[in-house]
Amino acid sequence: MSSIQIVPCEGVGVEIHGVDLPNITSSDLDTVKSAFSENGLVFFRDQDLSEIDHISFAEHFGAININRFFAAHPDHPQIAMVAKGENDRDNIGGGWHTDHSYDVEPALGSVLVARQLPTSGGDTRFTSMYRAYDTLPDELKTQIEGKRAIHSTRHIFGSKNNSYYQSSDSGKGRIGNSAAADAMQDVTHPIVITHPLSGKKALFVNPSFTIGIEGMEPGASTELLVKLYTHAMALEAMHQFQWRPGSVAFWDNRATWHWALNDYHGQARTMHRITIEGCALG
Ligand code: SIN
């Protein structure tokens, strides 16, 4: 008999207790899959997960997308290193975003495992894009109906960007592959998607990778995007996850935003991230 328990988190997401990820049973896996589909964000505590276990768990949800921009784990290219050293100033993911919205088929989600944590700080904030859409004023819902947004990666990872990732010493070696970014085409996705797993509507734009709205003048497009971001950032449905050794977070990129806080200068933080392939969004 399974002892799995699903405990809602404050704001958004659930913590799943009573499951041993390296030895997950098929019935517990079904429970985790449905909690993930319903909530778009699940956490686990006290897991003893090797790199191989991490890969095997992620593969239950789909094929692994090997990240083109992050430094890879030396022995396991499927694992992207999300690291900040004790002498680095900048961190990776230090602003609201969702991973891989710049792909033609945006990633389903990411499984992040804590490997080395600062003594305090280094939490990750999450917020719900279902809630962001549901709570939008009707006037804004009407303005975005049927519209598509343009997503890009060149301004962050490309050779002509101003991003700190490439211009500062601290980003070098951890992130950036300007040749790959330069070669990537911008893509468009609906601003409001029907989520492929839950069937619910979600807002699908983010301040890091969305660069405009198709068919709109740049000024008007920026103004509308800023209204959407301001609304999403003000949501009370935010959860700040405090990492501990053995913690694992698994988020759905089509249903959430996240933000890695950069408040632990002088200490190192190392996380292993696996990103899972998604599908075209409609
Ligand atoms: C990320 O943005 O993918 C990393 C989040 C974190 O390090 O907490």
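In each ligand, atom 1 is the first atom listed, and ligand 1 is the first ligand listed.
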- Verdict with supporting geometry, I16 and Q5, side-chain contact (heavy atoms from CB on, under 4.5 Å): CA-CA 6 Å; I16 303 186; Q5 275 181 294; over 6 Å; no
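- Proximity of D99 to ligand 1, defined as any heavy-atom pair under 4.0 Å, is confined to the side chain (atoms from C-beta onward).
- For atom 4 (C) of ligand 1, the closest heavy atom belonging to the protein is V82 CG1, 3.8 Å.
- Between E86 and R269 there is no salt bridge, since no side-chain N of the basic residue sits under 4.0 Å from a carboxylate O of the acidic one.
- Here the heavy atom of the protein found nearest to atom 8 (O) of ligand 1 is T124 OG1, 2.5 Å.
- At the shortest separation from atom 3 (O) of ligand 1 among protein heavy atoms lies R273 NH1, 2.7 Å.
- Of all non-hydrogen atoms in V187 and D103, the two that sit nearest each other are CG2-O, 3.7 Å.
- For the pair R269 and ligand 1, the shortest N or O to N or O distance falls below 3.5 Å.
- Checking H189 against S101 by side-chain atom types alone, no donor-acceptor pair falls below 3.5 Å.
- For F126, no heavy-atom contact with ligand 1 is shorter than 4.0 Å.
- Put simply, the side chain of D252 does not reach to within 4.5 Å of the side chain of M129, judged on heavy atoms.
- Taking a cut-off of under 4.0 Å to the non-hydrogen atoms of G93, the atoms of ligand 1 that pass are 2 (O).
- A pairwise comparison of heavy atoms in H151 and Y102 identifies CB-CA, 4.0 Å as the closest pair.
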